[in-house]
> 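Pasting a structure below so you can have a look.
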Amino acid sequence: MVGFSRAPQELVCDGVSLSALAEAEGTPVYVYSAAVLRDRYRAIDAAFGVYPHRLHYALKANSSLALARLLAGLGSAADANSIWEIELAQKAGFAPADIVFTGVGKGPAELDAAVPLGLKAINVESAGELARVEAIATRLGVRARVALRVNPDIDAKSHPHISTGLKINKFGIPRDAARELLTTVATRTALSLVAIHVHVGSQVTTAEPLARAAALVADLAGDAKQHGVALEYLDLGGGLGISYDEGDVLSPERYADELVSAVRSTGLPIVIEPGRAIAGPAGALIAQVIDIKPRTADSDFAVLDAGMTELMRPALYGAYHRIEPLRPRAGATRQYEFVGPVCESSDVVGRDRFVTPLEVGDLVAIRDAGAYGSAMASNYNRRPLPPEVLVDAGAWRVIRRRQTIGDMTELES
Ligand SMILES: Cc1ncc(COP(=O)(O)O)c(C=O)c1O
């Protein structure tokens, strides 16, 4: 059985005992299944069928070098959100022509470095940024490939902190301003407009916002054509949600169908930037129960050795992750508030969960933590970044060792 499963009682990853792995590497530890990563990438890729398309894995979700390399090896292209993610992408084997540079605030040094690289596109987020890219390209005597990120004013119906498509959000160029830019961009000789880009948010679980945004992009592509701009592709962003609670979400097939139907009339290839849908289900954070103390008459606190420093999503936006004991004990389920060790009351990993009885020393898996988990970890309370382990074909290896206090202080004087 591929991925995380029970065999028969204990939670394993691709057949590897997570308890044995945690014993060897200590906790907290991130564990990733190479098989799940491959399956998720291939499922989304296959869903587009023969319609011309390319997946640009969103490195922001998880840019561990080994995972990035694995995805590059599968034929993925990359979406990088900073010049540092571009550097990482190149190290992982992505060619500049396979990298799109996204992000709402690209600094001057980042743009100076990015323009001469020959990226697939710099996805610009404002008229000002377009002018800055143009100035650099003019100075360097090159033609910069750009995409315009349009803000479609569409509600992604995701959590407000990860919705990006409303006009009150900081992202992209309002549609009318984007239409206006299309009237002049063909005359700007240092720029080559290759795509229109949209991204309405992350963890989108319904088709409608994604389909509407894609239709708007198709409409703008028509405008571009009228103004003499021959686009190469349409970049429809990321956003495909995953099932954190085992409820229904949009399938890759339905997602692809909706996008293809919305843009087919343009005849242009589709680029998408999936992050969460590839990396999320491939990872779990394994933690140990380090204390149990009474909370209410009917519930206890289970204090874990992992919290908001290792997995910020629950504290940041109330995100839900399943939490399961690796080796469930016999007995009726009990209510627990799973909390981390950090000095913040928001450091809650899972509220009001019913699981089999826990004791200090027990190990739990915090599921679907492969995306926006390790990538968002911090050193708050001087907690070291946890190690990361990749399980592949029944064997596992450490792909990032645990950080030490020495690693941290090396940067300081
Ligand atoms: C521009 C852009 N593309 C792609 C993504 C990846 O999104 P997801 O992980 O939901 O697929 C994001 C993340 O929010 C983003 O901002």
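In what follows, every heavy atom counts, from backbone to side chain, and hydrogens, waters and symmetry copies are set aside. As the structure lists them, so they are numbered: ligands from 1, and atoms in each ligand from 1.
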> Decide if atom CG of Asp248 counts as having more than 12 heavy atoms of other residues, nucleotides or ligands within a radius under 6.0 Å.
no
> Test your reading of the model: is there a side-chain donor-acceptor pair from Ser63 to the backbone of Lys60, 3.5 Å cut-off?
no
> Which ligand 1 atoms are under 4.0 Å away from a heavy-atom of Arg149?
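Counting atoms of ligand 1 from 1, those under 4.0 Å from Arg149 are 1 (C).
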> I'd like to know whether the aromatic ring centres of His199 and Phe171 sit less than 6.0 Å apart in this structure.
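So the answer is no for these two rings.
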> Work out which heavy atom in Pro325 is nearest to a heavy atom in Leu358; give both atom names and the distance.
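Between these two residues, the closest heavy atoms are CG-CD2, 4.1 Å.
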> Grab the two heavy atoms, one from Glu110 and one from Gly105, that are nearest each other, plus how far apart they are.
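So the minimum-distance heavy-atom pair works out to OE2-O, 3.9 Å.
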> Any atom of ligand 1 sitting under 4.0 Å from a heavy atom of Tyr372?
yes
> Has Glu85 got a side-chain atom pairing as donor or acceptor with Ala80's backbone, closer than 3.5 angstrom?
no
> Within the 4.0 Å heavy-atom shell around Pro274, which atoms of ligand 1 are there?
11 (O)
> Near Gly239, which atoms of ligand 1 are under 4.0 Å from a heavy atom of that residue?
7 (O), 8 (P), 10 (O), 11 (O)
> Looking only at protein heavy atoms, which one is nearest to atom 5 (C) of ligand 1, and what is the separation?
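Looking only at protein heavy atoms, the one closest to atom 5 (C) of ligand 1 is His199 CE1, 3.5 Å.
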> Closer than 4.0 Å to some heavy atom of Gly275 - which atoms of ligand 1 meet that?
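Near Gly275, meaning under 4.0 Å from one of its heavy atoms, ligand 1 has 8 (P), 9 (O), 11 (O).
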> Within a reach of under 6.0 Å around CZ of Arg351, are more than 12 heavy atoms found that belong to other residues, nucleotides or ligands?
no
> Look at atom 10 (O) of ligand 1 and say which protein heavy atom is nearest, naming residue and atom and giving the distance to 0.1 Å.
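For atom 10 (O) of ligand 1, the nearest protein heavy atom is Ser202 OG, 2.4 Å.
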> Between Asp79 and ligand 1, which residue portion shows a heavy-atom distance shorter than 4.0 Å: side chain, backbone, both, or neither?
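The answer is the side chain.
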> Could you label the plane-to-plane angle of the Tyr30 and Tyr32 rings as parallel, tilted or perpendicular, counting under 30° as parallel and over 60° as perpendicular?
parallel
> Please state which option from Arg276, His56, Glu273, Gln203 has its nearest heavy atom closest to atom 2 (C) of ligand 1.
Glu273
> Under 4.0 Å, counting heavy atoms only: does Ala371 come that close to any atom of ligand 1?
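In this structure, Ala371 fails to qualify as a contact of ligand 1 - no heavy atom is under 4.0 Å.
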> Can you tell me if Ala277 has a non-hydrogen atom under 4.0 Å from ligand 1?
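Under 4.0 Å: no for Ala277.
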> Flag Leu240 as yes when one of its N or O atoms lies below 3.5 Å from any N or O atom of ligand 1, and as no otherwise.
no
